[in-house]
Amino acid sequence: MTGRIVVSRRIPEVGMSLLAAQPGVEVEVLEDAQDRGPARSRLLDAVATADVLLCLLTEAVDRELLSAGRRLRGVSQMAVGVDNVDMAAATELGIPVGHTPGVLTETTADLAWALLLATARRIPQAHRYQVEGRYRIWGPELFTGADVGSGGSGRRKVLGIVGFGRIGQAVARRSVGFDMEVLAHDPRNRDRVEAVLGVRWAPLDHLLSEADFVSLHTPLTPETHHLLGEEELRTMKSTAILVNTARGPVVDEAALVRALREGWIAGAGLDVYEDEPRMAPGLVDLPNVVLLPHVGSASIDTRDRMATMAAHNAVAFLQGERAPHTVDPGVYDTPAYRERTGG
Ligand code: DGY
């Protein structure tokens, strides 16, 4: 096997070693740093002579880039979400796109729960207070927050899950210990909802008006862009907490800032942003938010598994084979793919 794999940014060593172990394969890493991506011009130049592009969700894999990759046999992204890839253009050009589903489900569900608990119980705020040496005396109202379970009140709290794919279901499973009532909304997965742990399917407006906690787990598509805007945020309880570990543009972030400032809802735990890494003006100054830098899948083991999977997808593309995890497998049956791969 010969060929050239362009890696837009260095991935964990286990994935790099897997690529390096392929005899006759040239691997070029465009950026080694963790805190910046390659210049667009560099990416465009490199992709022109690449057989496979292995990239991250920070790269815009748009029609221009895909068209520049005249030799490309596949794009392997180290992420499950591919909203940064123009999938229509990829399929039209006969370029299969690989991704990393499944391996990050549990880790991301853990983080959604960590954010939910941290926001409800104001953990980062209390931590800051403690490390700044401001704790002088125990106080009955010092950092009081919201109960996640019934908290002895006898009222079961309601968890609303929007998007009931793998991660949404994993979030539901974790609610058992908190004895919550779980509502889920997912237009594509209604049958799956009722098969999990007594979770009840609900229309979005009903879920939003009933839930004490709303957790988002939907992919970003034209249908889910701004799924939660001003009207939906106003539908939520004033005591509710919103958690977003999915994609930023699912929420109208400017409306969310108003909602948090004006008390339409009580708090938000966010791992993703509408115009990442930037945040909507005012978000960072709010006292009722917990903000993380897109670390949903960031456990060492999971990132290793993602890197391994992305490398396997890349090697399969280079060999002219179907990748183990292709976003749109229909591409393999297109004349554009056959022409591109000489098949
Ligand atoms: C993904 O994979 O889509 C996440 O956002 C990063 O793990």
Side-chain angles (χ1 to χ4, degrees), residues 7-16 31 34-37 53-62 74-87 90 96-116 161-171 186 188 215-225 227 242-251 253 268-279 290-314 323-328:
V7 181
S8 65
R9 293 169 61 197
R10 182 169 290 279
I11 62 171
E13 196 42 46
V14 62
M16 292 307 308
E31 183 56 71
Q34 284 289 303
D35 59 355
R36 61 175 179 268
L53 171 66
L54 195 158
C55 63
L56 304 185
L57 55 80
T58 41
E59 275 74 68
V61 185
D62 52 16
V75 170
S76 169
Q77 171 146 296
M78 192 188 124
V80 63
V82 289
D83 45 280
N84 58 314
V85 181
D86 183 338
M87 283 305 303
V97 176
H99 67 152
T100 64
V103 291
L104 48 80
T105 301
E106 304 300 327
T107 307
T108 307
D110 288 350
L111 191 91
W113 269 95
L115 259 179
L116 191 158
I161 300 178
V162 180
F164 210 64
R166 282 178 292 258
I167 300 173
Q169 292 171 45
V171 167
D186 188 333
R188 292 174 312 164
S215 194
L216 304 180
H217 300 288
T218 176
L220 175 62
T221 63
E223 293 73 41
T224 62
H225 182 264
L227 187 66
L242 175 69
V243 173
N244 190 3
T245 54
R247 283 294 185 264
V250 174
V251 180
E253 205 169 286
L270 306 177
D271 187 39
V272 288
Y273 305 91
E274 194 167 347
D275 185 21
E276 221 165 291
R278 284 169 285 280
M279 291 179 282
V290 177
L291 305 173
L292 301 179
H294 203 149
V295 290
S297 63
S299 76
I300 297 165
D301 287 349
T302 289
R303 288 288 163 84
D304 279 353
R305 279 191 288 268
M306 291 166 71
T308 304
M309 210 172 195
H312 280 307
N313 284 339
H325 298 279
T326 311
V327 179
D328 174 13

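Just so it is clear, the values below take in all heavy atoms, side chains as well, and ignore hydrogens, waters and symmetry mates. Numbers here simply count residues along the sequence, with the first being 1. Model, not experiment: these values are computed from the prediction. Whatever order the structure lists them in is the order used to number ligands and atoms, beginning at 1.
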Within reach of ligand 1, part of T108 (heavy-atom separation under 4.0 Å): neither

Heavy atom of M306, distance to ligand 1 below 4.0 Å: yes

Atom indices of ligand 1, in the order listed, that fall short of 4.0 Å to a heavy atom of H294: 4 (C), 5 (O), 6 (C)

Closest protein heavy atom to atom 7 (O) of ligand 1, given as residue, atom name and distance to 0.1 Å: S297 OG, 2.5 Å

Residue pair R305 / T308, side-chain donor-acceptor N/O under 3.5 Å: no

Sub-4.0 Å atoms of ligand 1 with respect to non-hydrogen atoms of L104: 2 (O), 7 (O)

Part of T100 within contact of ligand 1 (heavy atoms, under 4.0 Å): neither

E253 versus R278, closest heavy-atom pair with distance: OE2-O, 4.4 Å

No-hydrogen, no-angle side-chain donor-acceptor test under 3.5 Å, Q77 and N84: yes

Shortest non-hydrogen contact between A307 and V14, atoms and distance: CB-CG1, 4.3 Å

Worked verdict on D83 versus T221 for side-chain contact (heavy atoms from CB on, under 4.5 Å): CA-CA 7 Å; D83 45 280; T221 63; over 6 Å; no

Closest protein heavy atom (residue, atom, distance) for atom 2 (O) of ligand 1: V80 N, 2.7 Å

Salt bridge R36-E31, side-chain N to carboxylate O under 4.0 Å: yes

Contacting atoms of ligand 1, where contact means under 4.0 angstrom from a heavy atom of R247: 1 (C), 3 (O), 4 (C), 5 (O)

